[in-house]
2 protein chains.
Amino acid sequence: MTEHYHHADLPRRLRTVTRAVVEEEGSAAVTIARIARECGVSVAAPYRHFAGKEALLGAVAADGFDALREALTAADGATPTERLVAAGVAYVDFATTHPHLFELMFRAERRERQSAAGPPALEALATLVNDVPLRVPTDVAVRTTWGLAHGLAMLRIGGMLTFTREDTAERLRAELTALVEGIAPDR
Amino acid sequence: MTEHYHHADLPRRLRTVTRAVVEEEGSAAVTIARIARECGVSVAAPYRHFAGKEALLGAVAADGFDALREALTAADGATPTERLVAAGVAYVDFATTHPHLFELMFRAERRERQSAAGPPALEALATLVNDVPLRVPTDVAVRTTWGLAHGLAMLRIGGMLTFTREDTAERLRAELTALVEGIAPDR
DNA sequence: ACCTGAACACCGTTCAAGT
DNA sequence: ACCTGAACACCGTTCAAGT
């Protein structure tokens, strides 16, 4: 049959295998040769489905933004403020759970692709901000919230902020709440 | 003489040339072969002074942290709060002015080296926070301030936050002030 | 001590040729 | 249409040999 020639949904397998390598060893470990090898296919085969290495990594990054959006929309809480804080915690948790994927998603070199992929993920955050009573313009609140969550996430996966295992969520909650209470009209 | 053999302070020249390539084209464009070529030296020569490519990039990143620290300590203002906000603006300005260098400095892969280089740069921020009257623990305030500045910087150089040319500093000031006023005991 | 030249294994990408 | 095999230019790193 076609067992060694046609491979079932190679594009999908390439993305899956690449994502696994990224998550385990980081995007620097991704090599077209290696991915092809692990898919049991020739080095030239991936080029039928992706323009090159960067395009393949771009597809994996896009999958990452989908996963992030899902994690953010799943965040819940009793009040609007608590829901916003929960989303912030989910944001940082996502980065902590998938550090290499997260870094790939926000690599500055992929500017163009990202400015398209980012906003959808941001929408969940913007929606939550809208429900919180504000004393600053909405866009300032959105940027500030996203900025803080993103900065804490980045510094953390970079090893610049060290959290002990126990107080992670609580500490995060305190930091995010400090911000929200600064934004809200009455503390 | 020794014109084509000994080169004046090769280690220094390697760092300088590497930093220039990083700033102009990003760290992905750095190649031992290219750096050696631009220094007029054989491909093997850099290995006498740096363990490898990562070590060379690490030295450039360390230089970057020095520059960042200087930019932060130069920030000034009339009140403690204004000084802190000015440092935050300086932080984001540094990232905007040296996007590729900044990204290299905070690459997650270089974890170990950074957790040593980061804190000194952070100290300037921590000192400024100490002068501001707080209603939250100092370490929470430091992390929150650094986190917000870092997140805005990262999102901005990644093209996720777009600032028009005019309102940059003012907008930043508004965002940082919103945070500080949330931290301070009386607004 | 510092540098060169040559070598090795590896990678990204292309392309004619196969099915 | 999808894949292979072979090729090209390039890179990181090492090492014996030169001064």
Side-chain angles (χ1 to χ4, degrees), chain A residues 1-62 100 104 107 109-113, chain B residues 1-62 100 104 107 109-113:
Chain A
M1 286 194 51
T2 55
E3 338 176 28
H4 288 286
Y5 180 56
H6 266 138
H7 303 265
D9 204 354
L10 183 55
R12 176 186 221 72
R13 287 199 60 218
L14 287 168
R15 283 213 314 244
T16 306
V17 170
T18 303
R19 172 160 173 177
V21 172
V22 167
E23 300 245 27
E24 284 160 27
E25 304 177 38
S27 53
V30 170
T31 271
I32 292 285
R34 172 177 177 177
I35 302 301
R37 214 179 300 134
E38 293 193 13
C39 286
V41 97
S42 89
V43 273
Y47 289 90
R48 287 292 127 186
H49 306 283
F50 296 95
K53 188 184 178 182
E54 277 308 302
L56 178 57
L57 288 173
V60 170
H100 293 125
L104 169 66
R107 283 260 293 274
E109 291 124 24
R110 17 193 71 255
R111 232 178 252 270
E112 281 76 37
R113 237 184 296 269
Chain B
M1 281 193 49
T2 52
E3 338 174 30
H4 288 283
Y5 180 56
H6 266 138
H7 302 264
D9 205 353
L10 183 55
R12 175 187 222 70
R13 288 200 59 217
L14 288 168
R15 281 213 314 243
T16 306
V17 169
T18 303
R19 172 159 173 179
V21 172
V22 167
E23 300 243 28
E24 285 160 28
E25 304 177 39
S27 54
V30 171
T31 270
I32 292 285
R34 170 177 178 177
I35 302 301
R37 215 178 300 136
E38 293 195 13
C39 286
V41 99
S42 87
V43 273
Y47 290 90
R48 284 293 126 184
H49 307 284
F50 296 96
K53 187 185 179 181
E54 276 308 301
L56 178 57
L57 287 173
V60 170
H100 294 124
L104 170 66
R107 283 260 293 274
E109 290 123 25
R110 19 194 67 252
R111 233 176 249 271
E112 282 76 35
R113 237 185 296 269

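In the text below, chain A, chain B and the rest are named by the order of the sequence lines, each starting its count at 1.
Relative to the side chain of B/Arg48, the nucleotides C/dC3, D/dC3, C/dT4 differ in distance, and C/dC3 lies closest. Listed nucleotides: D/dT4, C/dC3, D/dT14. Nearest to the side chain of B/Ala44: D/dT14.
Going from atom CD1 of A/Ile35 over to atom P of C/dT13 covers 13 Å, rounded to whole Å. Rounded to whole angstrom, the span from the CZ atom of A/Phe50 across to the P atom of D/dC2 amounts to 13 Å. Per the geometry, CG belonging to B/Asp9 stands 18 Å off P belonging to C/dA1, to the nearest Å. Atoms CG (A/Leu14) and C1' (D/dC2) sit 13 Å apart, rounded to a whole Å. Protein atom NE2 of B/His49 is 16 Å distant from nucleotide atom C1' of D/dT13, rounded to whole Å.
Here the closest heavy-atom approach between residue A/His49 and residue A/Ala45 is recorded as CD2-O, 3.7 Å. Closest approach of B/Val17 and B/Glu38 over heavy atoms only: CG1-OE1, 3.6 Å. In this structure, A/Phe50 and A/Ala59 approach most closely via the heavy-atom pair CE2-CB, 3.8 Å. The two residues A/His100 and A/Glu23 have their closest heavy-atom pair at ND1-O, 3.3 Å. Across all their heavy atoms, A/Ser42 and A/Ala36 have their closest contact at O-CB, 3.5 Å.
Comparing B/Val43 and A/Ala45 by the nucleotide of DNA chain D whose heavy atom lies nearest to each, the residue mapping closer to the 5' end is A/Ala45.
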Given Watson-Crick and G-U pairs under 3.5 Å, DNA chain D in dot-bracket ([ ] crossing, | other strand) is ||.|||||...|||||.||

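Residues meeting the side-chain contact (heavy atoms from CB on, under 4.5 Å) test with B/Ser27, sequence neighbours left out: B/Val22, B/Leu57, B/Leu104, B/Arg107.
Between B/Cys39 atom SG and B/Leu14 atom CG the span is 4.5 Å, to the nearest 0.5 Å. To the nearest 0.5 Å, atom OG1 of residue A/Thr16 and atom CD1 of residue A/Ile35 are 10.5 Å apart.
A 4.5 Å side-chain heavy-atom check between B/Ile32 and B/Tyr47 finds at least one atom pair inside the cut-off.
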Write down the protein N/O and nucleotide N/O pairs, taken from nucleotides 9-12 of chain D, whose separation is under 3.5 Å; answer none if there are no such pairs.
{"from": "D/dC11", "atom 1": "OP2", "to": "B/Arg37", "atom 2": "NH2", "distance (Å)": "3.3"}
{"from": "D/dG12", "atom 1": "OP1", "to": "B/Ile32", "atom 2": "N", "distance (Å)": "3.4"}
{"from": "D/dG12", "atom 1": "OP1", "to": "B/Lys53", "atom 2": "NZ", "distance (Å)": "3.4"}
{"from": "D/dG12", "atom 1": "OP2", "to": "B/Ile32", "atom 2": "N", "distance (Å)": "2.9"}
{"from": "D/dG12", "atom 1": "OP2", "to": "B/Ala33", "atom 2": "N", "distance (Å)": "3.3"}

